[in-house]
Each structure stands twice: as structure tokens, then as C-alpha cells.
Trainee: 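Here it is, the structure in full.
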Amino acid sequence: MNDITLPQELVDAARRVVDANRAAGRRVAVAESCTGGLVAAALTEIPGSSDVVEAGFVTYSNSAKQKLLNVSGDVLDTFGAVSIAVAWSMAQGALAKSDADVAVAITGVAGPGGGSEKKPVGTVVFARAERGGDPADVIADKRFFGDLGRGGVRLQAALCALELLLPDAP
């Protein structure tokens with residue numbers, strides 16, 4: 001059986017996340033859509049990641065977002081899957097459905113299709129939620145990576161998500 005080869009910059013970022021969260025005594029969860037488990041794969045590539053990784057949710061469809069993470073159908077209908085409201089709901093849902101201390105959610109348009117004028121290919125939204133944090137304090141970001149190709153968008157999204165999992169992330 002062949003090993004999966006992840007880009008070195010992704011493995012390095014995941015190692016920083018595992019080491020920093022281990023030192024901080026924090027457990028993490030990820031709720032992924034357009035990255036399809038890439039963030040969880042990078043984290044679990046690191047030996048000893050079980051000290052830090054609590055859970056990973058790949059909720060590619062809207063119904064999975066609703067069933068697994070309790071994202072409201074009204075929020076999905078009103079704002080669309082690629083929105084700060086949905087990413088925030090996904091992050092909150094990942095916290096609620098796990099024992100993690102921090103959760104990051106990723107939702108976006110990796111391409112090559114699926115984009116629109118308002119949300120072109122390369123649009124990705126991130127959110128971070130922390131246990132015990134004020135739910136009104138939304139930590140979210142929308143990025144436009146451009147049409148880097150499906151793999152390029154997913155890689156850049158995974159790298160951003162890993163940065164948000166660092167204990168000193170803004």
C-alpha cells in the first residue's frame with residue numbers, strides 16, 4: 001500500500017498546529033466542505049496528533065451540514081453554503097458535537113465549476129469557534145484565492161484553516 005503524499009508546506013503547517021495545541025493543552029475539531037477532509041488528513045499525518053485532534057466532519061452537502069452540524073436550513077437558504085453565517089454555524093456545530101476546545105470550519109468553491117458572479121471559483125470562507133467563547137464574537141474570514149485550479153484552491157484553503165487553529169491566531 002502506498003503512502004499518501006501531502007504537500008510539504010501542508011504537513012509543516014499541520015505540525016505547527018499539533019505542537020502548539022499540545023503545548024496549550026487544547027483539542028481541535030474541523031468542519032470541512034470544499035477541502036473534503038484535507039485539513040484532517042494533514043493533522044493526522046503528524047505522529048502524536050491524537051493528543052490534539054478530537055474530530056473531523058466532512059459535510060460536503062447542505063443536508064450533511066444540517067444533519068451533522070445542526071446548520072439551519074434557513075441560514076443555508078438565506079446566505080448560501082459559501083457564507084460567513086454558514087461557516088460560523090459549522091464551527092459552532094463542530095464544537096457542540098465534539099469535546100474540542102476550538103473548531104475551524106471551511107466552506108467554499110474549489111472549482112472548476114460551481115462559481116457565480118458574487119462567489120467566483122476560489123471563494124472560501126473560514127470561521128473559528130472556541131469553547132466558552134462569546135457566540136456573538138464571530139471570528140470569520142472570506143478569501144478570494146482566484147482560480148488556482150481545484151487542487152490549488154483546496155491547498156490554500158487548508159493552509160488558512162490550519163493557521164486559524166493556532167492558539168495565537170487572530
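The residues of the chain are indexed from 1 along the displayed sequence. Since the structure is predicted, the reported quantities are computational estimates derived from the model, not experimental observations. The analysis underlying the following values was restricted to heavy atoms, covering all of them including side chains, and did not include hydrogens, waters or symmetry mates.
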Trainee: Where do Ala103 and Ala91 come nearest, in terms of heavy atoms and distance?
Mentor: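 In this case the closest contact between Ala103 and Ala91 is CB-O, 3.5 Å.
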Trainee: May I have all residue pairs that pass side chain to side chain donor-acceptor pair (under 3.5 Å) and include part of residues 101-124, sequence neighbours excluded?
Mentor: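 Of all non-adjacent pairs touching residues 101-124, none passes side chain to side chain donor-acceptor pair (under 3.5 Å).
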Trainee: Same hydrophobic cluster for Leu38 and Leu164, using side-chain heavy-atom links shorter than 4.5 Å among ILVMFWY?
Mentor: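 In one cluster: yes.
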Trainee: Rounded to the nearest 0.5 Å, how far apart are SG of Cys160 and CD1 of Ile106?
Mentor: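 Cys160 SG to Ile106 CD1: 10.0 Å, rounded to 0.5 Å.
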Trainee: So does Leu165 get a backbone contact from the side chain of Asn21, meaning a donor-acceptor N/O pair under 3.5 Å?
Mentor: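 Yes; judged by distance alone, with no hydrogens or angles, the pair exists.
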Trainee: When rounded to the nearest 0.5 angstrom, what distance separates NZ in Lys97 from CD in Gln92?
Mentor: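 Result: 13.5 Å between the selected atoms.
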Trainee: Considering all heavy atoms of both residues, which atom of Ala110 and which atom of Val153 are nearest to each other, and what is their separation?
Mentor: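 In terms of heavy atoms, the two residues are closest at CA-CG1, 3.8 Å.
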Trainee: Does the side chain of Leu10 come within less than 4.5 Å of Leu162's, by heavy atoms?
Mentor: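 Yes, close enough: below the 4.5 Å cut-off.
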Trainee: If only atom types and distance count, is the side chain of Glu32 paired as donor or acceptor with the main-chain N or O of Gly56 below 3.5 Å?
Mentor: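 It does not hold such a pair.
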Trainee: Considering only heavy atoms from C-beta outward, does the side chain of Cys34 approach that of Val124 to under 4.5 Å?
Mentor: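 Yes - at least one pair of side-chain heavy atoms lies under 4.5 Å apart.
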Trainee: Consider side-chain contact (heavy atoms from CB on, under 4.5 Å). Of Leu6, Leu43, Thr5, which one does Val11 pass it with?
Mentor: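 That would be Leu6; it is the only one of Leu6, Leu43, Thr5 passing the side-chain contact (heavy atoms from CB on, under 4.5 Å) with Val11.
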Trainee: Taking all non-hydrogen atoms of both residues, which atom of Leu95 and which atom of Ala100 are closest, and how far apart?
Mentor: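 Scanning both residues completely, I find the closest heavy atoms to be CD2-O, 3.4 Å.
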Trainee: Determine the minimum heavy-atom distance between Ala105 and Ala87, stating which atoms define it.
Mentor: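 Looking at all heavy atoms of both residues, the shortest contact is CB-O, 3.3 Å.
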Trainee: Check whether Phe57 and Val53 end up in the same hydrophobic cluster, where Ile, Leu, Val, Met, Phe, Trp and Tyr are linked by side-chain heavy atoms less than 4.5 Å apart.
Mentor: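 The answer is no; the residues belong to distinct hydrophobic clusters.
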Trainee: In Å and rounded to the nearest 0.5 Å, what is the CD to OG1 distance from Gln156 to Thr35?
Mentor: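 Reported to 0.5 Å precision, the distance equals 12.5 Å.
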Trainee: Rounded to the nearest 0.5 Å, how far does CG of Leu69 lie from OG of Ser98?
Mentor: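 Separation between the atoms: 9.5 Å.
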Trainee: Among Arg143, Arg128, Arg16, whose salt bridge (charged side-chain N to carboxylate O under 4.0 Å, His left out) with Glu163 holds?
Mentor: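 Considering Arg143, Arg128, Arg16, a salt bridge (charged side-chain N to carboxylate O under 4.0 Å, His left out) with Glu163 is found only for Arg16.
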Trainee: Could you measure the distance from the CG atom of Leu166 to the CG atom of Asp19? Nearest 0.5 Å is fine.
Mentor: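 Interatomic distance, Leu166 CG to Asp19 CG, rounded to 0.5 Å: 10.0 Å.
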Trainee: Begin from the C-alpha positions of Leu76 and Val71 and carry the test side-chain contact (heavy atoms from CB on, under 4.5 Å) through to its verdict.
Mentor: CA-CA 7 Å; Leu76 284 160; Val71 175; 3.8 Å; yes
Trainee: Hey, could you give me the CZ/CD distance between Arg26 and Glu130, rounded to the nearest 0.5 Å?
Mentor: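 Nearest 0.5 Å value for the CZ-CD distance: 5.0 Å.
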Trainee: I need the full list of side chain to side chain donor-acceptor pair (under 3.5 Å) pairs touching residues 69-79, with sequence neighbours left out, sorted by first then second residue.
Mentor: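 Matches after skipping sequence neighbours: none remain.
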Trainee: Using the side chain to side chain donor-acceptor pair (under 3.5 Å) rule, collect all pairs that involve residues 51-67, keeping only residues at least two apart or in two chains.
Mentor: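 Every side chain to side chain donor-acceptor pair (under 3.5 Å) pair that includes a residue of residues 51-67, provided the two are not neighbours, is Arg22-Asp51, Arg27-Glu54, Ser33-Lys65, Tyr60-Arg150, Ser61-Ser63.
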Trainee: Looking at Pro120 and Val109, what are the two nearest heavy atoms and their distance?
Mentor: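 The pair with the smallest heavy-atom distance is O-CB, 4.0 Å.
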